[in-house]
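Counting from 1, the numbers follow the sequence of the chain as shown. Keep in mind that the numbers below use all heavy atoms, side chains included, and drop hydrogens, waters and symmetry copies. Owing to the predicted nature of the structure, the values given are computational and were not obtained by experimental measurement.
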Amino acid sequence: MGNTLSCCVSPGTSPTLSGRSGLRGQELRHQERTDAYRVEAELREAESSPGTNLQHISDREAPEDMNFESNPSDHPRASTIFLSKSQPDVREKRKSNHINHVSPGQLSKKYSSCSTIFIDDSTVSQPNLKSTIKCVTLAIYYHTKNRDSDRSIDIFDEKMHPLTKEEVPVDYYKRDPEHKHIYRFIRTLFSAAQLTAECAIVTLVYLERLLTYAEIDICPSNWKRIVLGAILLASKVWDDQAVWNVDYCQILKDMTVEDMNEMERQFLELLQFNINVPASVYAKYYFDLRSLADDNNMNFPLEPLSKERAQKLEAISRLCEDKYKDMGKAVIRRTLSADNLIGMNRSNAILS
């Protein structure tokens with residue numbers, strides 16, 4: 001009987017008991033891993049929930065629930081809104097010209113030849129001021145003409161916040177502004193404040209960013225105040241010596257400083273304080289404005305390429321080429337990989 005008892009408690013003679021112990025250990029380890037995964041998931045959920053952590057400013061630049069790559073004012077590959085809105089009119093003009101056998105602007109346009117090369121004085125780094133303002137004005141004109149609806153905000157409504165003491169017409173919200181009226185308004189501000197052409201391009205970037213972020217449209221009732229707010233903000237961000245709000249009140253004499261400050265504050269809030277304009281986005285808007293000018297036969301002023309300017313362009317090109325070569329060599333030295341070992345000297349293997 002004692003032998004039987006000692007046999008029952010002997011661990012080596014009871015395979016069932018040892019198997020259950022191993023299974024129990026696996027279950028415990030599996031449960032521990034499950035608990036660890038659940039805790040980690042709860043921590044990630046807590047971190048992503050609003051109000052539990054301080055969000056970095058770079059994460060707050062783009063609004064939530066918005067596809068970043070679809071916003072042209074933030075992403076260089078997204079198509080600009082003004083260029084897409086101009087296409088219906090451009091197609092209609094081309095169709096009309098084809099039917100009537102008319103090719104406007106072709107006779108007055110200058111073409112380069114073997115002896116003479118025509119080139120304009122506008123570049124992406126130094127755009128032509130007058131031509132750029134005309135292009136930006138045309139972009140705003142197409143925004144108002146081909147708008148989807150009349151969504152607006154009270155701070156930009158000219159009836160509620162008039163720019164002049166003149167009485168606003170009853171049907172002011174039905175009168176689409178003409179291209180020349182928009183150009184006269186913008187040209188007056190740029191001339192009086194002595195703003196640059198680059199500031200005009202940044203103004204258009206902020207304008208389209210406002211329309212995307214705030215989900216509003218440029219319409220007859222708000223185009224002046226929206227354009228003014230974009231110019232006000234662009235001049236402060238771009239120019240080193242910005243124009244003060246009180247100086248703009250000297251241009252628009254019937255507008256108060258308090259109204260200007262409030263409009264600027266709400267403009268910034270609607271942009272979610274995202275006033276950054278990447279170089280790639282700036283370049284995209286510049287070249288799309290040139291495309292808009294070509295589609296509407298607004299040629300930039302051309303002049304024959306002189307010997308002095310050709311030498312200057314060649315020197316700038318050589319300088320940039322040398323600069324990028326040096327940058328490329330520095331990158332190769334820092335990040336040498338197996339792909340860069342092809343041109344290196346190889347030593348013969350010694351077989352013993």
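- Phe190 has its side chain within reach of Ile231: a pair of non-hydrogen atoms, C-beta onward, lies under 4.5 Å apart.
- Put simply, Leu83 and Phe287 are part of the same group of oily side chains (I, L, V, M, F, W, Y) that touch within less than 4.5 Å, one to the next.
- Remark: Gln311 CD is packed, more than 12 non-hydrogen atoms of other residues, nucleotides or ligands lying under 6.0 Å away.
- Of all heavy-atom pairs spanning Lys253 and Gln250, the tightest one is NZ-O, 3.1 Å.
- Using a cutoff of 4.0 Å between basic side-chain nitrogens and carboxylate oxygens, Glu269 and Arg265 are scored as salt-bridged.
- For Glu208 (side chain) and Ile81 (main-chain N/O), a donor-acceptor pair under 3.5 Å exists by modelled atom type.
- Put simply, the side chain of Thr164 does not reach to within 4.5 Å of the side chain of Glu158, judged on heavy atoms.
- The distance from atom OH of Tyr213 to atom CD of Gln272, rounded to the nearest 0.5 Å, is 6.5 Å.
- In this structure, the side chain of Asp157 engages the main chain of Lys159 through a donor-acceptor pair within 3.5 Å.
- In the model, Tyr286 has a side-chain atom that pairs as donor or acceptor with a side-chain atom of Ser122 under 3.5 Å.
- Counting only N and O atoms by type, the side chains of Ser149 and Asp217 include a donor and acceptor under 3.5 Å apart.
- The hydrophobic cluster containing Trp244 does not contain Leu233, counting ILVMFWY residues as joined when their side-chain heavy atoms lie under 4.5 angstrom apart, directly or transitively.
- When the shell of 6.0 Å around CD of Glu262 is examined, it contains more than 12 heavy atoms from other residues, nucleotides or ligands.
- Under the 3.5 Å distance criterion, the side-chain polar atoms of Arg225 are left unmatched by any main-chain donor or acceptor of Met263.
- Side-chain atoms of Ser235 come within 3.5 Å of backbone N or O of Leu232 as a donor-acceptor pair.
- At least one donor-acceptor pair closer than 3.5 Å links the side chain of Lys284 to the backbone N or O of Pro72.
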Val277 and Tyr206: CA distance, side-chain angles, deciding distance, side chain to side chain contact (heavy atoms under 4.5 Å, CB included) verdict = CA-CA 9 Å; Val277 179; Tyr206 287 161; 3.7 Å; yes
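- Taking CE of Met298 as the reference point, atom OG of Ser131 lies at 7.0 Å (rounded to 0.5 Å).
- No donor-acceptor pair closer than 3.5 Å links the side chain of Asp259 to the backbone N or O of Thr256.
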Determine, step by step, whether Thr212 and Asp74 satisfy the side chain to side chain contact (heavy atoms under 4.5 Å, CB included) criterion, reporting the C-alpha distance in whole Å, the side-chain angles of both residues, the deciding distance to 0.1 Å, and the verdict.
-> CA-CA 10 Å; Thr212 308; Asp74 287 323; over 6 Å; no
Yes or no on side chain to side chain contact (heavy atoms under 4.5 Å, CB included) for Thr80 and Leu204, after CA distance, side-chain angles and deciding distance?
-> CA-CA 10 Å; Thr80 52; Leu204 185 59; over 6 Å; no
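- Ring planes of Phe267 and Phe156: perpendicular class, angle over 60° (limits at 30 and 60°).
- Ion pairing of Asp176 with Lys145 is absent here, as no side-chain N (NZ or NE/NH1/NH2) approaches a carboxylate O to less than 4.0 Å.
- The CG atom of Asp295 sits 10.5 Å away from the CZ atom of Arg91 when rounded to the nearest 0.5 Å.
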Could you check Leu207 against Val136 for side chain to side chain contact (heavy atoms under 4.5 Å, CB included), going step by step and ending with a plain yes or no?
-> CA-CA 11 Å; Leu207 189 145; Val136 171; over 6 Å; no
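- Atom SG of residue Cys135 and atom CG of residue Asp294 lie 8.5 Å apart, to the nearest 0.5 angstrom.
- Inter-residue side-chain proximity for Ile216 and Leu270 is flagged as unmet; no heavy-atom pair is nearer than 4.5 Å.
- Taking CZ of Arg290 as the start and CG of Asn128 as the end, the distance is 9.0 Å to the nearest 0.5 Å.
- The minimum heavy-atom distance between Ala139 and Leu289, with the atom names listed, is CB-CD2, 4.3 Å.
- The main-chain N or O of Val124 is found under 3.5 Å from a side-chain atom of Tyr282 such that the two form a donor-acceptor pair.
- Closest of all the heavy-atom pairs between Pro177 and Thr144 is CG-OG1, 4.2 Å.
- Taking the side chain as every heavy atom from C-beta outward, Val227 and Ile182 never approach each other to under 4.5 Å.
- Atom-to-atom distance recorded for Leu163:CG and Phe185:CZ is 6.0 Å, nearest 0.5 angstrom.
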Carefully, step by step, assess Arg318 and Glu314 under the rule salt bridge (charged side-chain N to carboxylate O under 4.0 Å, His left out).
-> CA-CA 6 Å; Arg318 190 183 301 112; Glu314 184 179 1; 3.1 Å; yes
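- Taking the side chain as every heavy atom from C-beta outward, Val205 and Ser73 approach each other to under 4.5 Å.
- No donor-acceptor distance shorter than 3.5 angstrom exists from the side chain of Asn222 to the backbone of Ile218, with no hydrogens or angles considered.
- No side-chain donor-acceptor contact under 3.5 Å links Tyr183 to the backbone of Ile133.
- Residue Gln87 places its CD atom among more than 12 non-hydrogen atoms of other residues, nucleotides or ligands, all under 6.0 Å distant.
- Phe273 is connected to Leu271 through a chain of hydrophobic side-chain contacts under 4.5 Å among Ile, Leu, Val, Met, Phe, Trp and Tyr, so both are in one cluster.
- Leu268 and Val257 are not part of a single hydrophobic cluster, where members link through side-chain heavy atoms under 4.5 Å apart.
- Looking at Lys174, its side chain never comes within 3.5 Å of a backbone N or O of Pro220 through a donor-acceptor pair.
- Looking at Glu166 and Asp254, their side chains never come closer than 4.5 Å, going by heavy atoms from C-beta outward.
- Residue Asn274 comes nearest to Arg209 through the heavy atom pair O-NH1, 2.7 Å, listed as atom of the first residue, atom of the second, then distance.
- A donor and an acceptor atom, one from each side chain of Lys236 and Asn245, are located under 3.5 Å apart.
- Salt-bridge check for Arg175 with Asp171: passed, with a basic side-chain N closer than 4.0 Å to an acidic carboxylate O.
- Under the 4.5 Å side-chain heavy-atom criterion for grouping Ile, Leu, Val, Met, Phe, Trp and Tyr, Tyr285 is not connected to Val90 through any hydrophobic cluster.
- At a threshold of 4.5 Å between non-hydrogen side-chain atoms, the residues Val202 and Val237 do not count as touching.
- Between Gln126 and Thr123 there is a side-chain heavy-atom pair separated by less than 4.5 Å.
- At a cut-off of 3.5 Å, with distance as the only test, a side-chain donor of Tyr142 or Asn296 sits close to an acceptor on the other residue.
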